[in-house]
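For reference, the structure is listed below as structure tokens.
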Number of protein chains: 2
Amino acid sequence: MGLSYAEENYLKAILKLSGSPDGTVSTNAIAAQLDTSAASVTDMLKKLSDKELITYQRYKGASLTDDGQRIATTLVRKHRLWEVFLVQSLGMTWDEVHEIAEELEHIQSDRLIDRLDHFLGHPKFDPHGDPIPNAQGKYTLRAQIPLSELKPGQEGIVIGVREDETSFLKHLNEKGLTLGKSIKVITNDDYDNTLSLQVEGHELNLSGKVARNIMIKTT
Amino acid sequence: MGLSYAEENYLKAILKLSGSPDGTVSTNAIAAQLDTSAASVTDMLKKLSDKELITYQRYKGASLTDDGQRIATTLVRKHRLWEVFLVQSLGMTWDEVHEIAEELEHIQSDRLIDRLDHFLGHPKFDPHGDPIPNAQGKYTLRAQIPLSELKPGQEGIVIGVREDETSFLKHLNEKGLTLGKSIKVITNDDYDNTLSLQVEGHELNLSGKVARNIMIKTT
DNA sequence: AGCTCAATTTAGAGTAATCTAAAAAATATT
DNA sequence: AATATTTTTTAGATTACTCTAAATTGAGCT
């Protein structure tokens, strides 16, 4: 019936990586995502294929079946709802909740998630600005572009980040660049790949690498 | 560093069973508590002993060291805080929260538990009436006696149950005997071991077995 | 088409937790 | 005290997940 934590994590990784054309994901991509060996991935892909949660052919990569997609999306829903709870109810900061939510998402109880969703007021986005799938797996998309694509003079609001890594989120927090902050781009140098912007009066410099991972809703 | 779920569950079982004189618990008692084989218990006792979380001698049973006691008490604290959250915040019923809390108690984050405790207003008792240890492992005892010990005419309030089993809690819910209800004993027949009482106008009959597991604060 | 190299799979092995069956130790009974 | 019974441990195996190293397959290049 229930899946193991490992199985669930593989499904989530495949969902995350299957933005590509036909949704097919390579063995190595999964190994990199989960920081495990390619051999382990191959073993697990066989198992998930037997359970009909993915379609898999040797040497050809894997993609989620409808069942697999449903389960993976539910995990994302759980993860993001828990993140909202941790930030909104418990007052934790957005850079410390990811790892805890990574554990909480595996708790087994549909009813628990329904009640939590209700308690939180059916939020549509998590603290990183990512959409929360509803119980049917549908979610709202939001118009957002990477900070790196803004031209000098453009303004907007920080609505999310792409990276989940704690170190990255911590870095942003230290710079004062948190969710909801209004920003205005001063310079965006395509050449040396740096960007300067104004946040609450201060001026801030970011590398192109960092700027590409910060999502903005333009105003 | 961190312990596995299995290791944590063994420590909790040993704490639960070590009400006895010197706090020593037998292999078979643990096996029964965790519904596992005695052989598995022996294996695990060796491992926990190596980690200095219990003292253990072959054929002589086990008892918690200070470290083991601290960890086990923290687990109880986490379990009971989560139960309060599930009932108080999410509106779940006391008969459905135990199993979910059984999973939630393993989530690793001291800060999370501190925040949760704060969010809930530092509750002293869980929905079953059991005391919640504080961060230092200390907890308040409450004067409570089993319903089975009340004499006819005595009155009181339901403040807890001894059994954790879902089926038992469900049974009580159906009879309308939930936490906080005022009761008055009408008859308590030592001979055939049954008891009748008044709850909100209704009259209710309980077996001695059930009555022994319902805790009352007399008024 | 044949070769090269990267990606992937297979082979073989290790760890954690569990089981059943058999052996050993402790406890109870006569 | 000797024997019978119960409890506990050991032995040997199984499942899930993981690893490294070696073999295989596929894809790109000439």
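We name chains A, B, ... by the order of the sequence lines, and we start the count at 1 in each one. Heavy-atom basis, side chains included; hydrogens, waters and symmetry copies ignored. Keep in mind that this is a model prediction, so the values were computed, not measured.
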Give the nucleotide from the list dT8(C), dT18(C), dT8(D) with an atom nearest to the side chain of Y10(B).
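When the side chain of Y10(B) is considered, dT18(C) is the closest of dT8(C), dT18(C), dT8(D).
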So which nucleotide from dT8(C), dT20(D), dT10(D) ends up closest to the side chain of A39(B)?
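Closest nucleotide among those given: dT10(D).
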Name the orientation class of the two ring planes belonging to W82(B) and F85(A) (parallel below 30°, tilted from 30 to 60°, perpendicular beyond 60°).
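Tilted, since the angle between the ring planes falls between 30° and 60°.
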Does the plane of the ring in H79(B) sit parallel, tilted or perpendicular to the ring in H98(B)? Use 30° and 60° as the thresholds.
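Tilted: the ring planes of H79(B) and H98(B) meet at 30° to 60°.
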Can a side chain N or O of [X] be found less than 4.0 Å away from OP1 or OP2 on [N]?
X      : N       : answer
S4(B)  : dA16(C) : no
K46(B) : dT10(D) : yes
N28(B) : dT8(D)  : yes
S37(A) : dT20(D) : no
T27(B) : dT9(D)  : yes
R58(B) : dT7(D)  : no

Side chains of H106(B) and N9(B): donor-acceptor distance under 3.5 Å anywhere?
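Yes, N9(B) and H106(B) have a side-chain donor paired with an acceptor closer than 3.5 Å.
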Does any donor atom in the side chain of W94(A) or D126(A) lie under 3.5 Å from an acceptor atom in the other side chain?
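Per modelled atom types, W94(A) and D126(A) side chains form no pair under 3.5 Å.
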Length of the line joining [X]:[atom1] and [N]:[atom2], which is rounded to integer Å:
X      : N       : atom1 : atom2 : answer
L45(A) : dT8(C)  : CG    : C1'   : 10 Å
K60(A) : dT25(D) : NZ    : C1'   : 10 Å
I30(B) : dT7(D)  : CD1   : P     : 14 Å
Y59(A) : dT24(D) : OH    : P     : 9 Å
E7(A)  : dT15(D) : CD    : P     : 15 Å
D43(A) : dT8(C)  : CG    : P     : 15 Å

Need to verify one output field. Residue with the more 5' nearest nucleotide on DNA chain D, G61(B) or A6(A)?
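Whichever sits nearer the 5' end wins; that is G61(B).
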By nearest nucleotide on DNA chain D, pick out whichever of Q57(B) and M44(A) is the more 5' one.
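Upstream on the strand: Q57(B).
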Pairing residues for A32(B) by the side chain to side chain contact (heavy atoms under 4.5 Å, CB included) criterion, not counting sequence neighbours:
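Testing A32(B) for side chain to side chain contact (heavy atoms under 4.5 Å, CB included), a comparison that skips the adjacent residues, returns none.
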Within the 4.0 Å heavy-atom criterion, would you say [X] contacts the bases, only the backbone, or no part of the nucleic acid?
X      : value
Y56(B) : sugar-phosphate
T42(A) : base
Y5(B)  : nothing

